[in-house]
There are 2 protein chains.
Amino acid sequence: MAKLQKSIDKRNALVKATIELVNNNGFHATPMSKIAKMANVSPATIYLYFENKQDLVNQTYIDVKAEYTKYAFNDFDTTLSVEAGFEHIWKRIADFKLKESEHAMFLAQCDNTPMIDEPSRQEGIKHLQPLLELWERGKKEGIIKPLSNYLLYAYSINPLSFLMINQKRGAFQLDETHLEEAFQSAWSSIKVCK
Amino acid sequence: MAKLQKSIDKRNALVKATIELVNNNGFHATPMSKIAKMANVSPATIYLYFENKQDLVNQTYIDVKAEYTKYAFNDFDTTLSVEAGFEHIWKRIADFKLKESEHAMFLAQCDNTPMIDEPSRQEGIKHLQPLLELWERGKKEGIIKPLSNYLLYAYSINPLSFLMINQKRGAFQLDETHLEEAFQSAWSSIKVCK
DNA sequence: AAAAAAAGAATGAACGTTCACTTTTTTATA
DNA sequence: TATAAAAAAGTGAACGTTCATTCTTTTTTT
C-alpha cells in the first residue's frame, strides 16, 4: 500500500514542526516553506503527506488531541470510586498539560481559533467518553453536581489550560503545591457539597 | 492635533471590522483589504490610523480589553461584602461574555494566540485591579481560599470563556438556570469551605 | 489657497502550490 | 542472485496569486 510506505518519520517531523512553529509564531506566520525547512524536507514533499496547509493543521490537531486523551485515560481503572477516578484522570491531564506543554499549547490555540475546520474539531472531541461516563456515574450516585458536562469540564478541567498558558508565559509558576490546590478547587467546583 | 482630527468613526469602523473578520476567519485569513472593504474605507486609509497590521490588531485588543474591564467594574461598590462583591463582578463578566460575545470571542482568541505582542498584552491586564483587591480582602477575612490570583481567576472567571465559546459554536446553551449553576461552581471553587 | 484626509492604483515580497525532473525503492525477470 | 524495468518518494525552482504597504492623485476641510 502506497500510503504506508512513505516514511512515517517524515510525517511526524512535519507534524512536529507545525506544532512548534504555530506555537511560537501563530498560524498566520508559519508558512509552508518554514515548516518544510524545520522538518528537513522540500516544500513539495509536504504535499505527498497532506492535501494542503489546512489538511496539515487539521491532521496535526487530531493527532495531538488523540495523544492527549490517550495520555489522560491510558491506565484508567473503571472500578475506582468516582472521587478516586476523577482525581486520577485530573492528575493525568494536569501531567500532560505540564509535561507536554508544547502539545497542550497547540491544542489551546486550536480550540480558541477558527484555525481548525468543524469536522476535525468533532473528531477531536470523540475520545473524551471515559470522563463523561465517570461524571454520569457520579451524578447518579449524588457525588457530582447534576450539571451539564460542559459546565463540569469548564470548571474542573479547562482551568488547567489557562494555568498552563500563563505558566508558559512565565507569569506564574505551577509547582506541586499549586497543583494540589488546583485539584482541590477543581473538585470543589463539581462535587456535591456536604 | 492631527490625530484627533481624523474621524473617530472611521477608526471605530476599522476596529469593528477587525473584530468581526478575525472572529470569523482567524487572523491568518483576514487581509487588510477585507478590513478596509468592511469598514468602507480604502486600504491606504488604514495607515492613517494605524502603523501597520500588527498595530491595528494590538490596538483593537487593548480597546476591547478596556471595554471588558470597564463593563465588569462599572458600577462596582467597594463597600459590599466579599461574597456579594464577587457575585456582582462575576455576573457583570458573565453578562459581558454573553451579550458582547463577539468581543469576548475576540479576546479569547487573542489570549490563546501569539497574535498580540507582549507590551499590548501587559497593557490589557492592567485594569483587573478591583477584582484582585477584592480577592486579597477575601483572603484576609478567611472567606476566599489563600491561593494565587492566577488560580482564582482560572477557576472562577476563565470557565466563562470556555462556556461562551461552546455556546457560540452551538454545542451548548447557557441560559439563566445554567448561569446560576455556573456561578455556584465558580464560588464553590474559591470560597473557603465551611 | 493651503493643508489634511482619503482614495485607487501600483509595488515588491511572500505565500501556497505545482511542475518537471532525479533519486531511491520495489518488483519482475533471468 | 544479479539486473533491468517500473513505481514511488523526494526535490528545487517556478508559477500565479495575494498580501501588506506605499505612491500619486483627488477630494474635503479649514
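In what follows, chains are A, B, ... by sequence order, proteins preceding strands, each numbered from 1.
Straight-line distance from the CD atom of B:Glu51 to the C1' atom of D:dT22: 15 Å, rounded to whole Å. Going from atom CG of B:Asp9 over to atom P of C:dA6 covers 10 Å, rounded to whole Å. Taking atom OH of residue A:Tyr49 and atom C1' of nucleotide D:dT11, one finds them 13 Å apart after rounding to whole Å. Between the P atom of C:dC15 and the NZ atom of A:Lys53 lies a distance of 9 Å, rounded to the nearest Å. At whole-Å resolution of the value, CD1 in B:Ile46 and P in D:dT21 are 9 Å apart.
For the pair B:Ser81 and B:Ala84, the tightest heavy-atom approach, listed with the atom from each and the gap, is OG-N, 3.1 Å.
Contacts between residues 14-32 of chain B and DNA chain C, counted as heavy-atom distances below 4.0 Å, involve no residue at all.
Ring-plane geometry between B:Phe183 and B:Trp90 is classed as perpendicular, the angle between the planes exceeding 60 degrees on a 0 to 90 degree scale with a lower cut at 30.
Between the side chain of B:Ser42 and the base of C:dG8, at least one donor-acceptor pair of N or O atoms lies under 3.5 Å.
Contact between the side-chain N/O atoms of B:Lys10 and the OP1/OP2 oxygens of C:dA5 is not found at any separation under 4.0 Å. Residue A:Tyr47 places none of its side-chain N or O atoms closer than 4.0 Å to OP1 or OP2 of D:dG10. Distances shorter than 4.0 Å separate some side-chain N or O of B:Thr45 from OP1 or OP2 on C:dA7.
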Evaluation steps, side chain to side chain donor-acceptor pair (under 3.5 Å), between B:Glu20 and B:Asn24: CA-CA 6 Å; B:Glu20 194 168 332; B:Asn24 292 326; 4.7 Å; no

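The pair A:Asp111-A:Lys65 meets the salt-bridge criterion, with a side-chain N (NZ, NE, NH1 or NH2) lying under 4.0 Å from an Asp/Glu carboxylate O. At a threshold of 4.0 Å, the pair B:Glu67-B:Lys70 does not count as salt-bridged, since none of the basic side-chain nitrogens sits closer than that to a carboxylate oxygen.
A centroid separation of 6.0 Å or more is found between the aromatic rings of A:His178 and B:Tyr150.
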